Number of protein chains: 2
Amino acid sequence: MVKSGGGEPGGLIVQISGLLPSLSPAEQRVARLVIADPADAARRTITELATAAGTSEATVIRFCRSVGMEGYPQLRIRLAAEAARRIEPADTRVIGGDIPPDADMAQIIATIAFNDARAVEETAEQLDADTCEQVVQALANAKRIDVFGVGASGTVASDFQQKLHRIGRTAFYWPDVHTALASAALLSKGDVALGISHTGTTSDCIDVLRQARQQGATTVALTNFPRSPITEVADYVLTTAARETTYRSGATASRLAQLTVIDCLFVGVAARDRAATQRALAATAESVADRRINPGRRRG
Amino acid sequence: MVKSGGGEPGGLIVQISGLLPSLSPAEQRVARLVIADPADAARRTITELATAAGTSEATVIRFCRSVGMEGYPQLRIRLAAEAARRIEPADTRVIGGDIPPDADMAQIIATIAFNDARAVEETAEQLDADTCEQVVQALANAKRIDVFGVGASGTVASDFQQKLHRIGRTAFYWPDVHTALASAALLSKGDVALGISHTGTTSDCIDVLRQARQQGATTVALTNFPRSPITEVADYVLTTAARETTYRSGATASRLAQLTVIDCLFVGVAARDRAATQRALAATAESVADRRINPGRRRG
DNA sequence: CTTCATATGAAAGTAAGTTTCACTCGTGCC
DNA sequence: GGCACGAGTGAAACTTACTTTCATATGAAG
């Protein structure tokens, strides 16, 4: 299975939040401390950090390995480096994190926009170009593409299907599991099945990918959590990097991140045959032209 | 912002170069290594650094003390932090604008993410908090809310409807013009109709808002163009700030901007009754819990 | 109820960092 | 020239921090 987050450029903190659910309880306690204040963590010795997390040094070491570091000193200097980079103009700090109960509208807007923009940026940062490239190739060569996702991810799935369709690729989106499974059963080698699940634990989505894989199709997963179950049935894993705040279960940030990834894939596929794409796009644009009225001019 | 340990200001490297002449020969050799490549120095153990400088560990410790650090680990993390800070966004400027035909995947990702993040940020910047506040109030007090949008904007409209529904507001989304018009005809004073149209020229969308307004409902438009026709039938106009590139008619950036605005409204409405919202969200989350499987733990 | 895998901390073991101390070498004084 | 002295230094002793190993606890699967 090919991972997208694999290389570790910036965003160790983000990476850790992505791995959070796949960590053991004690490791999660460590992780949370680290995420909450990386600079502080970097200052502590392994024993201090272990005590603060209510666990043993051994667990801290295990945590280091879990997030891809060699040992504690390595983690420490990475954290110090990251912390240094994210020292922001003083008032930006208030913005990250959750929304206070008494927030006014301006604060709400600032916070959401900040989180959303960050999710997009950080997703792009950790996205592996090679994996994307391979996925794009698979998509470009597939006879048929099945896209699947439920709930919020379904919106993104449907969006991708429409995009692909517009540039002349044969793509389907099945909002319903049963039809999706039936369709997946008809895929064959060279075709692509793409499953979108933020948590990576949506059983429907996993089942569909598994089915597709059994038929020999190339399977691609798009999820926020690089070790979630869905990655086990995927040939390629693309990850988003959104840390959801508890408050906003609407999960917009993660959706934006997903859309960004999808858009990258789309543009990648489209770029492989620019001329054909332009033609197809023009045709589809024209088809809705008469549903628009002339833009009115108004005085300011 | 709190600085770590020593109480020394930034610029450790600079400080070291200043101290250079006052150091003993062996310490100077260490200092020069550190200045030449702080990041590399941070990566080495004290023994490695000592060997590289052709000296003993003891001298390295002395060097640490000479420059005001408590010990080697402290120096190490300070160096890592400083090194990180001086790595500057190398090619951020190249990124804006359109995608060249020969772009590789990494470029595509960078460009798209940049544009997407910008769209979100700029939208938030120009969004008027007062208008939002008024819209939020209208939404919070409405007996009924109709959301309308076609095509890509339809996705966003549907998303908003779902969000509102989840927190117990009575909201509808009509994918079809005729039903939408019929529904709008049943709105009355105090209700809200929200129309989403990127261009602001989608006649279907405008017609629905006009209808709603005639019934005395409060009308809200979400568009990218503040002087487009749709604004003439809207009591409140919320604008996004996305500059689409010609190439990407998929219009993802504008969609992200729309979603961000929608999310702000949603959180605004939700914040008015946090307790009730929490309860509703928990209930809806629970309802899908059995569609998820346990997050798998896999060894790294 | 047994078996197995997983998670965890205690303790043993190793490596890294720190201190101590003796040696060298240059300088100034008898 | 020989002697005392102090700065600079590294070897080795020492301490602390990090890592590994192992036994136990816990809980799920058979």
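Each chain gets a letter, A, B and so on, in the order its sequence line appears, and its residues count up from 1. Quick caveat: nothing in here was measured; it's all calculated off a predicted structure.
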From CE of A:Met69 across to P of D:dT19 the rounded distance in Å is 12 Å
Of the candidates D:dT9, D:dC18, C:dT18, the side chain of B:Ser24 sits closest to D:dT9
For B:Arg32, the side-chain contact (heavy atoms from CB on, under 4.5 Å) test, sequence neighbours excluded, returns B:Leu20, B:Gln28
- Item | A:Asp176 and A:Thr179 side chains, donor-acceptor separation under 3.5 Å | yes
Looking only at C:dT8, D:dT19, D:dG10, the nucleotide nearest the A:Ile46 side chain is D:dT19
To the nearest angstrom, the OH-C1' distance between B:Tyr72 and D:dT16 comes to 17 Å
Checking D:dT19, C:dT8, C:dA16 against the side chain of A:Thr59 (C-beta onward), the nearest is C:dT8
Reckon A:Arg76 has a side-chain N or O less than 4.0 Å from the OP1 or OP2 of D:dC18?
yes
Whole-Å distance, B:Glu48 CD to C:dA16 P, equals 7 Å
A:Phe172 meets the ring-ring contact (aromatic ring centres under 6.0 Å, His included) criterion, sequence neighbours left out, with A:Trp174
In whole angstroms, the gap separating P of C:dT8 from CZ of A:Phe63 amounts to 13 Å
The salt bridge (charged side-chain N to carboxylate O under 4.0 Å, His left out) partners of A:Arg44 (sequence neighbours excluded) come to A:Asp40
Taken to the nearest whole Å, CG/B:Leu75 to P/C:dA16 is 17 Å
For residues 47-55 of chain B, dump all side-chain donor-acceptor pairs below 3.5 Å to protein atoms at least two apart in sequence or in another chain.
unit_1, atom_1, unit_2, atom_2, d
B:Glu48, OE1, B:Thr45, N, 2.9
B:Thr51, OG1, B:Thr47, O, 2.8
B:Thr55, OG1, B:Thr59, OG1, 3.1

OP1 or OP2 of D:dG10 sitting under 4.0 Å from any side-chain N/O of B:Thr55? yes
Those residues at least two apart in sequence (or on a different chain) that pass salt bridge (charged side-chain N to carboxylate O under 4.0 Å, His left out) with A:Arg144 are A:Asp146
Between A:Thr260 and B:Ala113, the two heavy atoms sitting closest are CG2-CA, 4.3 Å
Interface polar pairs with nucleotides 20-24 of chain D, N/O, under 3.5 angstrom:
unit_1, atom_1, unit_2, atom_2, d
D:dT20, OP2, A:Arg65, NH1, 2.7
D:dT20, OP2, A:Arg65, NH2, 2.9

Here the distance between atom P of D:dC18 and atom CD1 of A:Ile77, to the nearest Å, is 13 Å
